[in-house]
Undergrad: 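To start, I am sharing the structure in question, which I have written as structure tokens.
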Amino acid sequence: MSAFQLTIIFGPDKDKAFTMQEGTSYVLGRSQDASFRLNDMRASRTHCEIVWHGERVRLSDRGSSGGTFVNGMKVSQTFLKPGDHIKVGETVLRLQIEDPAGASTVTGLEERKQSDSEVREVEGLAALVGKTLAKYEIGPVIGKGESSRVFRAKDTSDGKEVALKVMHPSFSSDDDEMQRFVRGMKAMLPLRHPNLVTVYTAGKTGPYCWVAMELVEGESITEIIRRTGVAGMLEWKNAFRICLQIARALEYAHSQGIIHRNVAPPNILVRSSDKVAKLGDLMLAKALDGILAQQITKPGELVGDVNYLSPERTRSHSEKIDGRSDLFSLGATTYALLTGKPPFAGSNLVETITKIRNAEPDSPRKFQMGVPGLFEGVVLKMLAKAPEHRYQTAAEVVGELERIGKFQGVSA
């Protein structure tokens with residue numbers, strides 16, 4: 001007898017699969033108790049439920065914060081057929097038929113029914129290369145996210161090159177996502193600072209939401225760590241300069257009422273021409289408008305690179321998050337530059353979060369003896385578990401680093 005199988009084809013758990021038993025209810029989500037547990041921080045704890053009964057497979061959303069999508073359409077309850085794509089957070093699963101020999105199959109007819117938008121949802125947005133979106137001629141992909149691609153592009157009105165971030169089509173079909181996008185752009189467009197990636201404009205063209213940003217010719221900190229050799233560590237003076245420049249960016253952003261919420265190596269670019277560090281991806285920020293502030297990120301989600309989250313970011317969304325969380329992430333990023341690895345990396349999601357909450361980091365000088373004790377002290381203080389034990393403002397970090405820089409003869 002054939003059985004139904006769910007296979008993850010996109011997301012953190014790519015290539016995992018499980019075979020369903022008839023009459024059994026399966027809950028998908030982040031919870032330890034979920035039948036199919038996902039290491040996807042944009043999935044809710046109990047995101048949706050799937051039941052196979054007779055010849056029908058029923059899917060029901062369980063009040064998830066981001067919604068459940070089937071073939072690009074948001075659903076509360078629906079019946080699935082083989083070949084359907086289910087999107088949960090940033091994870092995409094495909095329902096297949098598993099034959100008695102153990103092979104998973106989807107009929108040719110069902111495969112052909114998949115629309116172009118579904119294929120793009122799963123495989124990315126590379127098909128846009130060579131086309132024009134709004135007033136931008138799209139060139140090669142220069143960056144990848146779970147739900148977006150960044151292209152080198154040219155503004156046809158003035159010939160200026162930009163970095164064009166384009167979201168997957170399903171993004172614009174979700175009202176909640178669109179509201180996040182609008183709020184984010186309203187907050188980010190006015191910001192101007194030498195150490196922030198400038199956002200020029202944003203819009204929606206056809207099924208695509210897009211953001212045109214400053215094109216930084218250089219490399220991300222992730223790439224720098226990979227390039228610096230097997231040890232993966234950066235000479236402390238260069239790490240110091242990057243840390244100070246990003247602290248200045250955070251000082252400015254915080255003064256404008258913005259918490260970045262995703263300070264991590266992929267989001268920091270270093271320009272090749274002058275080694276200026278720039279912090280990008282402000283889309284994940286939170287506008288601090290007082291008690292009635294609306295989060296740009298979704299309530300209950302851990303958005304960002306988990307290795308660089310502060311302890312308070314790993315807990316309930318009801319816990320107050322402020323600029324000190326960004327300082328923890330800056331400390332973790334600087335630590336990775338100095339040592340070649342995040343301070344609390346675990347072998348899996350649960351172990352990483354446990355270490356972030358409870359473990360003390362090794363001394364950076366254990367990995368790079370030349371790191372000055374004063375600089376190490378700044379990094380470790382930013383990594384304090386309790387926000388009240390860290391620096392209380394980015395301005396304090398900037399002041400301390402500038403004093404150390406004068407003492408060590410290092411400028412930034």
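Everything quoted here is computed from the prediction, not taken from an experiment.
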Undergrad: Is any side-chain heavy atom of Q392 closer than 4.5 Å to a side-chain heavy atom of R324?
TA: yes
Undergrad: When you measure from the centre of the six-membered ring of Y200, is the NZ or CZ of K135 under 6.0 Å away and within 45° of the axis?
TA: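 Here K135 fails the 6.0 Å and 45° test against Y200.
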Undergrad: For the pair F18 and F36, name the ring-plane relationship: parallel under 30°, tilted 30 to 60°, perpendicular over 60°.
TA: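 It falls in the perpendicular class, over 60°.
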Undergrad: Test of understanding: with side-chain contact (heavy atoms from CB on, under 4.5 Å), list the residues that count as partners of Q77, not counting sequence neighbours.
TA: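 In terms of side-chain contact (heavy atoms from CB on, under 4.5 Å), with neighbours along the sequence ignored, Q77 is linked to R58, S60.
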Undergrad: Does K275 have any side-chain contact (heavy atoms from CB on, under 4.5 Å) partners at least two apart in sequence or in another chain, and if so, which?
TA: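 By the side-chain contact (heavy atoms from CB on, under 4.5 Å) rule, K275 matches V270.
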Undergrad: Would you indicate whether the side-chain heavy atoms of K74 and T68 approach each other to under 4.5 Å?
TA: no
Undergrad: Taking only residues two or more places apart in sequence, or in another chain, which ones meet S329 in a side-chain contact (heavy atoms from CB on, under 4.5 Å)?
TA: V263
Undergrad: Just how far is it from atom CD1 of I50 to atom CG of L28, taken to the nearest 0.5 Å?
TA: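 Here the rounded value is 5.0 Å.
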Undergrad: Provide the closest heavy-atom pair for R261 versus D326 in the form atom of the first, atom of the second, distance.
TA: N-OD1, 2.9 Å
Undergrad: Mind checking whether K165 and M213 have side chains closer than 4.5 Å, heavy atoms only?
TA: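 With C-beta onward as the side chain, the pair touches.
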Undergrad: Could you tell me the separation between the CZ atom of R226 and the CD1 atom of I224, rounded to the nearest 0.5 Å?
TA: 12.0 Å
Undergrad: Is there a side-chain contact between V166 and F151, using heavy atoms and a 4.5 Å cut-off?
TA: yes
Undergrad: So, do Q256 and L191 sit near enough that their side-chain heavy atoms are less than 4.5 Å apart?
TA: yes
Undergrad: Do F240 and F375 make the cut of ring centroids closer than 6.0 angstrom?
TA: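 Yes, the ring of F240 comes within the 6.0 Å limit of the ring of F375, centre to centre.
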Undergrad: Carefully, step by step, assess W210 and Y136 under the rule ring pair (Phe, Tyr, Trp, His ring centres under 6.0 Å).
TA: CA-CA 10 Å; W210 52 266; Y136 298 100; 5.5 Å; yes
Undergrad: Decide yes or no for L93 and T7: does some side-chain heavy atom of the first lie under 4.5 Å from some side-chain heavy atom of the second?
TA: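 Side chain of L93 against side chain of T7, heavy atoms only: no contact under 4.5 Å found.
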